[in-house]
Amino acid sequence: PAFVVPADGVTVNGGFNYAYRRGGYSLLGRWAYFLRSDWQPWGNTEEFDPDTRTYTKYDVGLSKDFHFKLIHTIRLNGNYYGGQRLDRFSMYRFGLFDPARMRGIPSAGVRFSEVGMVRASYSFNLLNRYRLALYADHAWGRTPDERNWMPTTGIGIEANFPGPKTTMLKVGAGKGFLPSIYKGSGSFVFEFMLFKPI
């Protein structure tokens with residue numbers, strides 16, 4: 001009954017990106033500063049921290065691609081994600097459009113303020129029309145309240161192929177293996193996307 005609903009507001013941000021690519025290697029770095037337009041006490045108001053009106057996020061990653069006979073690709077990737085003053089709304093998630101994406105990990109419920117991650121993938125690409133990819137992701141994450149690193153693993157498969165009337169279809173499925181505190185979040189993700197050139 002004492003829970004206070006968060007106020008509506010807009011978050012604006014600015015930042016810097018760095019990218020270096022050479023010989024199949026990719027080195028990427030990002031830093032961003034965020035400002036909430038309105039930040040009133042919410043939840044358990046006694047624990048509210050007004051300093052979380054602003055927060056920063058940063059990450060650095062290194063990838064290497066191996067190409068074989070123009071149709072096979074293996075990618076190895078390592079990333080670190082961190083930040084300052086991250087809370088429930090700003091911590092890292094693992095959904096389809098999140099930078100720390102992991103196959104099989106739901107975007108709702110599982111969140112970390114600090115993440116170390118390794119990912120590997122294999123893809124078979126035929127004429128840029130038919131593509132089959134396999135993924136294996138492993139991460140170690142922690143929250144501001146839990147300083148121990150918690151392991152999280154996800155595996156997945158994805159297929160792209162032509163659809164009706166010049167469309168492209170992408171179907172994917174993933175299975176996650178979550179730490180015990182997130183067992184109720186579900187561990188199977190199915191994705192279906194339809195692309196239409198404009």
- Hey, could you give me each pair passing salt bridge (charged side-chain N to carboxylate O under 4.0 Å, His left out) that has a residue in residues 148-162? Not counting sequence neighbours. Arg103-Glu158, Arg131-Glu158
- Task: Among residues two or more places apart or on two chains, list those pairs meeting salt bridge (charged side-chain N to carboxylate O under 4.0 Å, His left out) that have a residue in residues 104-119.
- Result: Glu114-Arg142, Glu114-Arg147
Under 3.5 Å donor-acceptor pairs involving side-chain atoms of residues 35-42, not counting sequence neighbours:
residue: Arg36; atom: NH1; partner: Thr52; partner atom: O; Å: 2.5
residue: Arg36; atom: NH1; partner: Asp87; partner atom: OD2; Å: 3.3
residue: Arg36; atom: NH2; partner: Asp87; partner atom: OD1; Å: 3.1
residue: Arg36; atom: NH2; partner: Asp87; partner atom: OD2; Å: 3.3
residue: Ser37; atom: OG; partner: Val10; partner atom: N; Å: 2.9
residue: Ser37; atom: OG; partner: Val10; partner atom: O; Å: 3.1
residue: Asp38; atom: OD1; partner: Gln40; partner atom: NE2; Å: 2.8
residue: Trp39; atom: NE1; partner: Thr52; partner atom: OG1; Å: 2.8

- Message: Would you say the ring centers of Tyr81 and Tyr92 fall short of 6.0 Å from each other?
- Response: yes
- Query: Would Ser90 and Lys57 count as having a side-chain donor-acceptor pair, cut-off 3.5 Å?
  - Reply: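 No pair is found: no donor N or O on one side chain lies under 3.5 Å from an acceptor on the other.
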Answer yes if [X] and [Y] sit in the same cluster of Ile, Leu, Val, Met, Phe, Trp and Tyr residues linked by side chain heavy atoms under 4.5 Å apart, and no otherwise.
| X | Y | value |
| --- | --- | --- |
| Tyr33 | Val60 | yes |
| Phe192 | Tyr135 | no |
| Leu27 | Tyr58 | yes |
| Val189 | Leu132 | no |
| Phe16 | Leu28 | no |

- For the side chain of Arg85 and the backbone of Thr54, is there at least one donor-acceptor N/O pair under 3.5 Å apart?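 Side chain of Arg85 to backbone of Thr54: a pair is present.
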- Say whether, by atom type as modelled, one donor and one acceptor occur between the side chain of Asn44 and the main chain of Glu46 under 3.5 angstrom. yes
Test item: [X] and [Y] side chains (from C-beta on) under 4.5 Å apart, heavy atoms:
| X | Y | result |
| --- | --- | --- |
| Asp59 | Trp31 | no |
| Pro50 | Phe48 | yes |
| Phe89 | Pro6 | yes |

Heavy-atom pair of closest approach, residues [X] and [Y]:
| X | Y | value |
| --- | --- | --- |
| Ala120 | Leu76 | CB-CD2, 3.9 Å |
| Met102 | Gly154 | CE-N, 3.8 Å |
| Lys196 | Thr166 | NZ-OG1, 2.6 Å |
| Phe188 | Ala173 | CZ-CB, 4.1 Å |
| Asn79 | Gly61 | ND2-CA, 3.3 Å |

- Task: Carefully, step by step, assess Val110 and Leu178 under the rule side-chain contact (heavy atoms from CB on, under 4.5 Å).
- Result: CA-CA 9 Å; Val110 182; Leu178 306 176; 4.2 Å; yes
Distance-only check: which donor-acceptor pairs under 3.5 Å involve side-chain atoms of residues 63-71, not counting sequence neighbours?
residue: Ser63; atom: OG; partner: Asn77; partner atom: ND2; Å: 2.7
residue: Lys64; atom: NZ; partner: Gly23; partner atom: O; Å: 2.8
residue: Asp65; atom: OD1; partner: Arg75; partner atom: NE; Å: 2.6
residue: Asp65; atom: OD1; partner: Arg75; partner atom: NH2; Å: 3.4
residue: Asp65; atom: OD2; partner: Arg75; partner atom: NH2; Å: 2.9
residue: His67; atom: ND1; partner: Thr73; partner atom: OG1; Å: 3.2

In Å, rounded to the nearest 0.5 Å, how long is the span from [atom1] of [X] to [atom2] of [Y]?
| X | Y | atom1 | atom2 | value |
| --- | --- | --- | --- | --- |
| Ile155 | Ile105 | CD1 | CD1 | 10.0 Å |
| Phe112 | Thr143 | CZ | OG1 | 7.5 Å |
| Ile157 | Ser121 | CD1 | OG | 13.0 Å |

Which residues satisfy the side-chain contact (heavy atoms from CB on, under 4.5 Å) test with [X], sequence neighbours excluded?
| X | answer |
| --- | --- |
| Ser113 | Leu86, Met91, Pro144 |
| Val118 | His138, Trp140 |
| Leu194 | Thr167, Leu169 |

[X]: partners by ring pair (Phe, Tyr, Trp, His ring centres under 6.0 Å), with sequence neighbours left out:
| X | answer |
| --- | --- |
| Tyr55 | Phe34 |
| Phe124 | His72 |
| Phe195 | none |

- Message: Around atom CZ of Phe190, are there more than 12 heavy atoms from other residues, nucleotides or ligands closer than 6.0 Å?
- Response: yes
- Item | Qualifying side chain to side chain donor-acceptor pair (under 3.5 Å) pairs with a residue from residues 10-25, counting only residues at least two apart or across chains | none
- Task: With sequence neighbours left out, write down each residue that passes salt bridge (Lys or Arg N to Asp or Glu O under 4.0 Å) with Arg101, or none if nothing qualifies.
- Result: Glu191
